[in-house]
Amino acid sequence: MIAKLLLPALAAIGSVSAQTATCTVSTTTINSQADATGLAGCKTVRGSVLIAPLAGASIDISGPTQITGDLKILDNRVLESFKSNDLTIVGGAFTMLNVTRLSSLVLPSLTRVKSLNWQTINALDTASIGPPGLTEAEEVIISDTFLSSLDGIDLASVTNMDINNNRRLVEFSTQLGNLSNRLNIQANGQDLVVSMPNLKWIANMTIANVSSISVPSLAVVNGSARFDSNSFQSFSAPNLTRTQSGDISFVGNAFLTNVSLPKLTQIGGGLLIANNSALEKINGFPELKIIGGAVKMFGTFEEAEFPALNDVKGAFNVSSRADIKESCDKFKTLAPSSQGGNGKIQGKFECIPLNDKATEETGDGTGSGGSGGGSTKKDAAAGLTLNTALLALGGLVGLAQALL
Ligand SMILES: *[C@@H]1O[C@H](CO)[C@@H](O)[C@H](O)[C@H]1NC(C)=O
Ligand SMILES: *[C@@H]1O[C@H](CO)[C@@H](O)[C@H](O)[C@H]1NC(C)=O
Ligand SMILES: *[C@@H]1O[C@H](CO)[C@@H](O)[C@H](O)[C@H]1NC(C)=O
Ligand SMILES: *[C@@H]1O[C@H](CO)[C@@H](O)[C@H](O)[C@H]1NC(C)=O
Ligand SMILES: *[C@@H]1O[C@H](CO)[C@@H](O)[C@H](O)[C@H]1NC(C)=O
Ligand SMILES: *[C@@H]1O[C@H](CO)[C@@H](O)[C@H](O)[C@H]1NC(C)=O
Ligand SMILES: *[C@@H]1O[C@H](CO)[C@@H](O)[C@H](O)[C@H]1NC(C)=O
Ligand SMILES: *[C@@H]1O[C@H](CO)[C@@H](O)[C@H](O)[C@H]1NC(C)=O
Ligand SMILES: *[C@@H]1O[C@H](CO)[C@@H](O)[C@H](O)[C@H]1NC(C)=O
């Protein structure tokens, strides 16, 4: 349906004069290898290039080093091999949507695109890009491929990155230093290991279904950080000092036993920890002083502590199936004065030991929270399936708009 929306935009077909070094087209459609070879004399293609299904199983567009517009391959179940020895820059979007037979992608020179949108390319197990590979892009979406590695994609900074439903992907290692809007990694291979050794700051991150994640340098999360349904046993962000505006949440990480955020002093939004059934102690927040939203913790944990906690703007709502009376007694001293405490917690205070309902909660209750807590509630409640759908749709709609 979305693909149909795109078609009118592609109807404008330019023609190429292959004699000059710069060839200007609006959109040129490659309908055969001969058309592709016809571009070889153009060093720069000023405009967009569409590879049509008619073009056949194998297309080589070696010659041009730059396409100033988009490079598109859409709804194509014929193309098996796509290659360009020379293509270095795609000024617009490099889009491959629903290209179901593509199994060989060879782009040794590609280093820069404005955005990369690859979705439903389910025969592609290897992309040969570089070295050095793709190092500059503002946005990257890679969804529903057969890729086991993203080695040719190694950006230093990016605005949005969405890596989802790549069922064979078991490793994602990136030199990424900062990410200015949203990172989503979700529903890839069961054993996906994510390594981001240089990541210093990130706006929003959602990490789900990974078996390990390493962020040794991460210092600031400007938005929210969510960790849902992962299979890691421990999570540590040794250098994280604060989230500027968003929440931190850990929901449904079945094997998680240890969360360690030793330098975290401030959460701009809320803190949600729920349904992590192996988590017995919540004691990895030794420096946490300020929480701008609500605190919600539900589960089977036996102990929880925030020794430095000094200011919670929202509600504080904690309950466990286990006997957390000792922890509750300590927290109670921070409750609002109306509830007998010193008022460091500003919102409603509730802490319930031996609460059988504590394992049914994932943070979507109707308990009133602070602003951050509020968004935590919604995000966590929406669930990941819905969230993926929205993110994926966002990508497609964005793409459609870009093309129209
Ligand atoms: C994918 O492309 C094929 C043609 O190759 C088309 O028949 C099919 O409807 C497309 N699927 C979607 C979801 O657009
Ligand atoms: C983001 O990372 C890029 C590449 O490492 C760097 O050039 C840029 O200065 C960084 N931006 C900020 C705001 O840290
Ligand atoms: C995120 O925070 C870092 C460190 O405070 C800052 O350098 C960066 O500009 C912020 N980025 C955004 C998108 O707000
Ligand atoms: C990923 O997590 C979601 C819930 O957050 C779950 O429904 C889904 O089955 C998981 N996918 C995989 C491949 O483990
Ligand atoms: C952690 O933060 C400290 C202080 O800002 C810095 O010196 C150190 O290099 C950081 N560690 C890593 C692994 O980035
Ligand atoms: C994080 O995402 C939220 C919701 O999409 C958005 O409003 C916010 O601006 C993002 N934060 C940053 C720092 O980009
Ligand atoms: C808690 O997480 C488990 C997986 O660890 C999941 O099967 C269960 O549905 C979750 N419970 C709730 C109430 O979401
Ligand atoms: C939890 O993880 C931190 C950081 O990796 C580590 O220092 C600590 O010893 C771990 N705690 C337990 C009980 O395993
Ligand atoms: C705490 O959360 C539970 C479950 O969401 C809810 O029923 C209760 O009303 C909340 N309590 C407060 C004080 O917000």
Side-chain angles (χ1 to χ4, degrees), residues 6 9-10 12 14-30 35-52 55 59-74 79 81-97 99 102 104-119 121 124 126-142 145 147 150-162 174-181 395 398-399 401-403:
L6 303 179
L10 304 177
S15 68
V16 186
S17 151
Q19 314 311 315
T20 51
T22 296
C23 307
T24 303
V25 298
S26 60
T27 297
T28 189
T29 302
I30 303 295
D35 287 353
T37 309
L39 282 182
C42 310
K43 195 160 165 29
T44 298
V45 177
R46 201 165 288 286
S48 293
V49 174
L50 169 69
I51 312 294
I59 289 296
D60 183 339
I61 57 160
S62 295
T65 58
Q66 186 172 357
I67 294 170
T68 62
D70 302 329
L71 172 59
K72 291 169 289 202
I73 310 179
L74 307 172
L79 189 66
S81 164
F82 182 62
K83 176 175 180 180
S84 170
N85 287 330
D86 308 299
L87 186 62
T88 309
I89 298 171
V90 176
F94 178 8
T95 302
M96 296 197 288
L97 291 183
V99 185
L102 185 69
S104 170
L105 181 66
V106 178
L107 301 164
S109 304
L110 190 67
T111 57
R112 169 153 43 116
V113 303
K114 185 161 200 294
S115 66
L116 186 107
N117 273 286
W118 293 356
Q119 304 194 36
I121 313 181
L124 187 64
T126 316
S128 301
I129 306 179
L134 188 66
T135 52
E136 284 182 64
E138 286 174 21
E139 177 156 40
V140 171
I141 300 171
I142 299 178
T145 71
L147 291 169
L150 300 179
D151 282 353
I153 297 171
D154 203 3
L155 311 169
S157 69
V158 66
T159 304
N160 289 311
M161 182 169 238
D162 189 349
T174 169
Q175 56 146 338
L176 196 66
N178 54 59
L179 190 147
S180 57
N181 189 32
L399 167 68
Q401 281 163 352
L403 288 173

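Separating the CG atom in L150 from the OG1 atom in T126 is a distance of 11.0 Å, to the nearest 0.5 Å. In this structure, I89 CD1 and T111 OG1 are separated by 5.5 Å, a value rounded to the nearest 0.5 Å. T95 contributes atom OG1, which lies 12.0 Å from atom CD1 of I51 (distance to the nearest 0.5 angstrom). The CD1 atom of I141 lies 7.5 Å from the CG atom of N160; values are rounded to the nearest 0.5 Å. Within the model, atoms CG of N181 and CD of E138 stand 12.0 Å from one another, a figure rounded to the nearest 0.5 Å. Note that CG of L50 is 9.0 Å distant from OG1 of T28, once rounded to the nearest 0.5 Å.
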Tell me, with the steps shown, if L110 and F94 meet side chain to side chain contact (heavy atoms under 4.5 Å, CB included).
CA-CA 11 Å; L110 190 67; F94 178 8; 4.2 Å; yes

Evaluate side chain to side chain contact (heavy atoms under 4.5 Å, CB included) for D70 paired with V90, printing each intermediate quantity in order.
CA-CA 7 Å; D70 302 329; V90 176; 5.7 Å; no

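At distances below 3.5 Å, not a single donor-acceptor pair connects side-chain atoms of T159 with backbone N or O atoms of S180.
Across L105, L97, V140, a single residue satisfies side-chain contact (heavy atoms from CB on, under 4.5 Å) together with W118, and that is L105. Partner F82 forms a side-chain contact (heavy atoms from CB on, under 4.5 Å) with one of I73, D60, V99, L124 and no other, that one being I73.
D151 is linked by a side-chain contact (heavy atoms from CB on, under 4.5 Å) to S149, counting only residues two or more places apart in sequence or in another chain.
In this structure, I129 and L134 approach most closely via the heavy-atom pair CG2-N, 3.8 Å. For A156 against Q175, the heavy-atom pair with the smallest separation is N-NE2, 4.1 Å. Summarising the geometry of A137 relative to L155, their closest heavy-atom pair is N-CD2, 3.7 Å, with the distance given to 0.1 Å. I61 and S84 make their closest contact through O-OG, 3.4 Å (heavy atoms, listed as atom of the first residue, atom of the second, distance). Shortest non-hydrogen contact noted between G47 and T68 is N-OG1, 2.8 Å. Contact detail for K72 and S48: the closest heavy-atom pair is NZ-CB, 4.2 Å.
Between L87 and S109, the closest side-chain pair of non-hydrogen atoms is not below 4.5 Å.
Pairs passing the salt bridge (Lys or Arg N to Asp or Glu O under 4.0 Å) check and including a residue from residues 82-94, sequence neighbours excluded, do not occur.
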